[in-house]
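Report on the following structure.
Counting begins at 1 with the first residue of the sequence.
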Amino acid sequence: MLFRSNESAAVSSIHAINTAEITYSSANPLIGYSVLLTDLGPAGANYIDNVLAGGTKSGYAFTYVQSVVDIPSDGYTLNADPITRGVTGQRSFFSNQQNITRYNVTAVAGVGDPPIQ
């Protein structure tokens, strides 16, 4: 099924974003994590490709939110959801600065969902 390869690509993209965030926050200690997903792309730090920085890739929509409790930013949330559940993907994925990818089969994934093994 096509959506299995899309799910695999979504997980790989989450790992790429997490790695980019670690690099970004290390290079920008006064800012912390990026403000926007586009900050990690070619128009910004150039850590991820332009397609992923745009928020849609391989049948998934990526939603990134920086946590601004303190400056520098100490966290973020990242969701990857199928554009059409059951067609472009079945599972939704979640990650944050803890770098653990979690999934949910029927709804948007969150911090309370099981990690991918």
Out of Asn99, Thr23, Asn96, which one pairs with Asn18 under the side chain to side chain donor-acceptor pair (under 3.5 Å) rule?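 Result for side chain to side chain donor-acceptor pair (under 3.5 Å) with Asn18: Asn99.
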
Indicate the atoms forming the closest heavy-atom contact of [X] with [Y], along with that distance.
X      : Y      : answer
Val105 : Arg91  : CG2-CG, 4.0 Å
Tyr47  : Ala20  : CB-CB, 3.6 Å
Gln66  : Ile31  : NE2-O, 4.5 Å
Asn79  : Ala109 : ND2-O, 2.8 Å
Ser73  : Gly75  : OG-O, 3.2 Å
Gly32  : Pro72  : N-CB, 3.5 Å

Going hydrophobic residue to hydrophobic residue with side-chain gaps under 4.5 angstrom, can you get from Ile14 over to Val51?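 The answer is no; the residues belong to distinct hydrophobic clusters.
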
Kindly work out whether a path of hydrophobic side-chain contacts (I/L/V/M/F/W/Y, heavy atoms less than 4.5 Å apart) joins Val11 to Phe94.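 In one cluster: no.
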
To the nearest 0.5 Å, tell me how far [X] [atom1] sits from [Y] [atom2].
X      : Y      : atom1 : atom2 : value
Asn104 : Asp113 : CG    : CG    : 4.5 Å
Thr106 : Gln90  : OG1   : CD    : 8.5 Å
Gln97  : Ser25  : CD    : OG    : 10.0 Å

Which residue pairs satisfy the ring pair (Phe, Tyr, Trp, His ring centres under 6.0 Å) criterion with at least one member in residues 24-46, sequence neighbours excluded?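 Found Tyr33-Tyr76.
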
Name all pairs fulfilling the salt bridge (charged side-chain N to carboxylate O under 4.0 Å, His left out) condition that reach into residues 26-55, sequence neighbours left out, sorted by first residue then second.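 As it turns out, the salt bridge (charged side-chain N to carboxylate O under 4.0 Å, His left out) pairs with a partner in residues 26-55, which skip direct neighbours, are Asp49-Lys57.
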
With a 4.5 Å cut-off on side-chain heavy atoms, are [Y] and [X] touching?
X      : Y     : answer
Thr101 : His15 : yes
Ile48  : Leu37 : yes
Tyr103 : Glu7  : no

For Ser13 and Tyr60, run side-chain contact (heavy atoms from CB on, under 4.5 Å): C-alpha distance rounded to whole Å, both residues' side-chain angles, the deciding distance at 0.1 Å, then the answer. CA-CA 10 Å; Ser13 293; Tyr60 271 76; over 6 Å; no

Taking side chain to side chain donor-acceptor pair (under 3.5 Å) as the definition, give me every residue that meets it alongside Asp81, ordered by chain and number, with sequence neighbours left out.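 For Asp81, the residues satisfying side chain to side chain donor-acceptor pair (under 3.5 Å) (neighbours in sequence not counted) are Ser92.
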
Are the side chain of Asn28 and the backbone N or O of Leu30 linked by a donor-acceptor pair below 3.5 Å?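 Not confirmed, Asn28 side chain does not pair with Leu30 backbone.
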
side-chain contact (heavy atoms from CB on, under 4.5 Å) between Phe3 and Thr88, worked out: CA-CA 5 Å; Phe3 70 77; Thr88 62; 5.7 Å; no

For Ile17 and Leu40, what are the C-alpha separation, side-chain angles and deciding distance, and is it a side-chain contact (heavy atoms from CB on, under 4.5 Å)? CA-CA 8 Å; Ile17 293 169; Leu40 303 174; 4.2 Å; yes

Test Tyr64 against Ser34 for side-chain hydrogen bond (donor to acceptor under 3.5 Å, both in side chains), laying out the working first. CA-CA 10 Å; Tyr64 173 85; Ser34 70; 3.3 Å; yes

